[in-house]
Amino acid sequence: MASEIELIDVTKRYPGVAAPAVDSVSMTIRAGEIVVLVGPSGCGKTTTMRMINRLIEPTSGRITIDGEDTLSLNPDRLRRGIGYAIQQAGLFPHLTVGQNVATVPGLLGWGRSRVSERVDEMLDLVGLDPAEFRDRYPRQLSGGQQQRVGVARALAADPPVLLMDEPFGAVDPITRGNLQDELMRLQAELRKTIVFVTHDFDEAVKIGDRIAVLGPQSRILQYDTPEAILANPADDTVAGFVGAGASLKQLRLRRVREVELSRAVTARVTDEPAEVGRRLVEAGREYALLLDARNRPVSWAHVRHPGQPRPVGDSVSLQSTLQDALEAMLTEGGAAVVTGARGEYVGLVEMDAVIGTVQKLRGDHAEPAS
Ligand SMILES: Nc1ncnc2c1ncn2[C@@H]1O[C@H](COP(=O)(O)OP(=O)(O)OP(=O)(O)O)[C@@H](O)[C@H]1O
């Protein structure tokens with residue numbers, strides 16, 4: 001279950017501050033999408049997000065969830081229907097992990113056994129063994145584990161909308177990457193409407209279905225898919241935010257299964273080297289890929305010295321990103337070998353396919369001729 005959120009001319013003025021913190025923002029957040037609000041510090045991301053669950057009251061404008069005006073709802077009821085996860089998890093330190101996760105279901109009056117089942121289900125969902133973690137206190141967890149509990153708590157009452165304010169901001173880069181992967185895995189299953197605030201553009205590209213790049217006072221500089229923003233930033237400010245290496249970043253968004261694979265000349269590791277050499281000459285190719293009896297790639301044989309094959313190093317799968325494929329090409333010094341679920345050879349990714357993909361993305365998102 002997911003909901004559409006609409007912001008209509010939303011403005012927030014803090015008392016005693018002349019300029020509005022958020023100035024007349026309008027945007028539609030589609031049901032079931034992750035929308036990332038990204039922008040420099042102080043531009044109004046948190047203020048914009050918190051107006052959705054009315055932790056901050058808008059000064060003017062309207063916010064609707066599935067067409068219903070949030071200002072017409074009781075704020076406590078509204079907040080119980082919206083999951084909220086923040087940096088450093090914001091767990092109650094004097095409550096156990098289980099009690100933390102049970103907070104909203106408890107407020108909603110769920111029965112004890114239903115709550116207890118739900119707590120275990122949620123801990124499982126975020127990769128924490130309930131038996132081990134349920135009765136611990138937040139201080140007995142690592143930062144990444146606390147963050148997972150924070151997500152479990154936000155999801156406990158199965159809200160259609162989830163607000164996440166820099167939820168992975170306080171953990172090391174590797175844990176952060178894992179938490180991002182897990183959020184994407186969860187979302188593939190749950191399909192919530194998620195509004196996610198970060199100042200890290202790479203995080204936005206990785207997890208966002210759509211990114212809103214915000215300028216001062218939450219002015220929307222560009223609101224589009226990561227692909228479109230990388231291929232065609234709306235202006236110099238957005239381009240600056242995208243940063244160097246936009247084309248390389250695009251390669252992270254594309255999978256090997258999306259490009260046309262090329263075919264290697266193949267032979268068995270047991271084939272006579274001279275025969276392999278002859279086949280290469282006939283095919284006008286330099287290298288043959290030698291496969292074992294189960295079709296798994298083993299080594300590369302060169303046309304001039306087929307008897308001294310070089311082992312295949314990195315290979316990639318159909319699910320790998322084109323960035324992984326490029327990395328494999330650079331280490332292998334040529335095409336990247338693609339293997340299937342059982343490690344069998346399925347094809348090659350060559351440089352031309354990678355270049356072609358980036359060019360196509362540029363073309364797809366080019367400004368229409370005026
Ligand atoms: N309670 C408040 N009273 C007055 N001004 C505030 C208040 N809260 C925030 N502001 C101001 O409103 C602006 C937007 O703040 P907000 O926290 O929404 O930005 P942000 O983009 O989330 O920043 P960051 O990335 O640093 O968290 C800032 O200039 C901030 O100083």
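Only heavy atoms go into these numbers, but all of them, side chains included; no hydrogens, no water, no symmetry mates. One-based numbering along the sequence shown. Atoms within each ligand, like the ligands themselves, are counted from 1 in listed order.
The heavy atom nearest to atom 25 (O) of ligand 1, considering only K45, H199, R13, is found in K45.
Counting non-hydrogen atoms of neighbouring residues, nucleotides and ligands closer than 6.0 angstrom, the CG atom of D236 reaches no more than 12 such neighbours.
Salt bridge E282/R278: absent, no basic N to carboxylate O contact under 4.0 Å. The pair R62-E6 does not count as a salt bridge, with every side-chain nitrogen at least 4.0 angstrom from each carboxylate oxygen. Between R268 and D271 there is no salt bridge, since no side-chain N of the basic residue sits under 4.0 Å from a carboxylate O of the acidic one.
Connection of V10 to L78 is established within a shared hydrophobic cluster, with ILVMFWY side chains joined at heavy-atom distances below 4.5 Å, either directly or through further cluster members.
With hydrogens left out, the protein atom closest to atom 17 (O) of ligand 1 is T46 CB, 3.8 Å, a heavy atom. What sits closest to atom 16 (P) of ligand 1 on the protein, heavy atoms only, is T47 OG1, 3.5 Å. With hydrogens left out, the protein atom closest to atom 12 (O) of ligand 1 is A21 CB, 3.4 Å, a heavy atom. Counting protein heavy atoms only, atom 29 (O) of ligand 1 is closest to G42 O, 3.7 Å. Protein heavy atom in closest approach to atom 2 (C) of ligand 1: Y14 CD2, 3.3 Å. The protein non-hydrogen atom at the shortest distance from atom 19 (O) of ligand 1 is G44 N, 3.2 Å. In terms of protein heavy atoms, atom 26 (O) of ligand 1 is closest to S41 OG, 2.6 Å.
In this structure, G39 has no heavy atom closer than 4.0 Å to ligand 1.
Under the 4.0 Å distance rule, the nearest protein heavy atom to atom 31 (O) of ligand 1 falls outside the cut-off.
Among L183, V36, V195, I86, the one residue that satisfies the side chain to side chain contact (heavy atoms under 4.5 Å, CB included) test with M164 is L183.
Note: no N/O pair closer than 3.5 Å links T48 and ligand 1 by distance alone.
The heavy-atom pair separating T193 from S3 by the smallest distance is OG1-O, 2.5 Å.
Residues T64 and D69 bring no donor and acceptor atom of their side chains to less than 3.5 Å of each other.
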